[in-house]
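A short write-up of the structure that comes next.
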There are 2 protein chains.
Amino acid sequence: MTEKTYSISELSEEFNITPRTLRFYEDQKLIAPSRNGQTRIYSKKDRARLAWILRGKRVGFTISDMGKLLDLYYLEGGKVKQRELGLQNCQARIETLERQKKDIDETLKELRKIIEMFKNWKPYPDQDNAKI
Amino acid sequence: MTEKTYSISELSEEFNITPRTLRFYEDQKLIAPSRNGQTRIYSKKDRARLAWILRGKRVGFTISDMGKLLDLYYLEGGKVKQRELGLQNCQARIETLERQKKDIDETLKELRKIIEMFKNWKPYPDQDNAKI
DNA sequence: CTTGACCTTTACGTAAAGGTCAAGTATTAT
DNA sequence: ATAATACTTGACCTTTACGTAAAGGTCAAG
């Protein structure tokens, strides 16, 4: 049974990125698709890595951050040190993400306040201006 | 009663950014502190804008995004068009933020899975590998 | 009057994340 | 055979968000 594979344009269309981006990620050692001659062939595993990278990006990590994290994750060697490093890394990331969630919630609150202000706007100011 | 003001270094220390960053934001028209001679004097309002900018940044907006948003917010003119623009803008941002929250939640889930994998790592693979 | 701390502007430098050609190869369709 | 596609590598270009160095103003303390 031969696993499903993807061409560079298939994958880039699916994830709405350009081929250039995929080549760039390869350049940065984030993905290492196999080759048929010189043509890249992406496996399911490659696809999964890509999904991770892009999600990481969306929530504010750099691609080199993601590279390191993926490396730790896919590490074959189970040297205790490496595993601990991986754990610490993940935990640090979790903290960052949780702070970000709080930030987002606060920002959302304020945005909603602003929307109310826009909606309730009146041609003449009432006592409720000069708030910020 | 004279309102509290801040020097560039006070503000940069408080928010843990460099004075350069504050000057840069001014250059980009995000903040416009008043001056004593040529020395910048930041008001409470300036401080509030800064807080907004930084929070926006943390959750993935560019500083020019934040500039535009702040402009809409602080707009004195209540021209209907402008207000609608502001509303649309805010709503778009809210959607972005909510998508980001979902992303973060998913990422958190996966990070926690990975942590479990790191914790439960065993020298010989069991049937549970090759997952991603 | 000099030292130090803090401020200023101007201007070039840089890292990250790709975009944008250019020029060539390989496969497929007519 | 030739054109159209899809792929390749390389090289330089761009934007964002500041860093950093140069060169100097200002003001209080000793």
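Below, chain A is the first sequence line, B the second, and so on; all start at residue 1.
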B:E26 and B:R35 ion-paired at < 4.0 Å: yes
Please confirm whether B:R47 makes a cation-pi placement over B:Y42, using NZ or CZ under 6.0 Å from the six-membered ring centre and within 45° of the ring normal. no
Rounded to whole angstrom units, what separation is found between the CG atom of A:N36 and the P atom of D:dC7? 12 Å
Looking at A:T39, does any N or O in its side chain come under 4.0 Å of the phosphate oxygens OP1/OP2 on C:dA26? no
Expressed in angstrom and rounded to an integer, what is the separation of A:L54 atom CG from C:dG18 atom C1'? 13 Å
Atom CD of A:E13 and atom P of D:dA6: how far apart are they, to the nearest Å? 9 Å
B:T18 and B:T21: side chain donor to acceptor below 3.5 Å: yes
Judged by modelled atom types alone, do A:D46 and A:S43 share a side-chain donor-acceptor pair under 3.5 Å? yes
Sugar-phosphate or base contact per nucleotide [nucleotides 14-21 of chain D; S, B, -; heavy atom under 4.0 Å]: ---BBBB-
Exactly one candidate in B:R58, B:R55, B:K101, B:K57 meets salt bridge (Lys or Arg N to Asp or Glu O under 4.0 Å) with A:D103; the answer is B:R58
Using atom CD1 of B:I41 as one end and atom P of D:dT26 as the other, report the distance to the nearest whole Å. 15 Å
Contact class for A:R40 (heavy atom, under 4.0 Å): base, sugar-phosphate, or nothing? sugar-phosphate
Distance in angstrom units between A:L22 CG and C:dA17 P, rounded: 15 Å
So that I can tick it off, tell me whether A:R20 and A:D27 are bridged by a salt bridge, with the cut-off set at under 4.0 angstrom between side-chain N and carboxylate O. no
Only pairs with both distances under 3.5 Å count, Watson-Crick or wobble alike; so what is the partner of C:dG19 in this structure? D:dC12
Measure the distance from CZ on B:R35 to P on D:dG25 and round it to the nearest whole Å. 17 Å
Presence of salt bridge, A:E98 and B:R112, under 4.0 angstrom: yes
Under 3.5 Å on both distances, the Watson-Crick or G-U partner of C:dT30: D:dA1
Across every strand shown, the nucleotide meeting Watson-Crick or G-U wobble geometry with D:dG30 (both distances under 3.5 Å) is C:dC1
So, does A:S7 get its side chain near the phosphate of D:dA6, meaning an N or O under 4.0 Å from OP1 or OP2? no
For the pair made of CD in B:E10 and P in C:dC7, what is the distance, rounded to whole Å? 8 Å
Just call it for A:I8: base, sugar-phosphate, or nothing, with non-hydrogen atoms closer than 4.0 Å on any strand. sugar-phosphate
Rounded to whole Å, how long is the line connecting atom CG of B:L11 with atom C1' of C:dC7? 15 Å
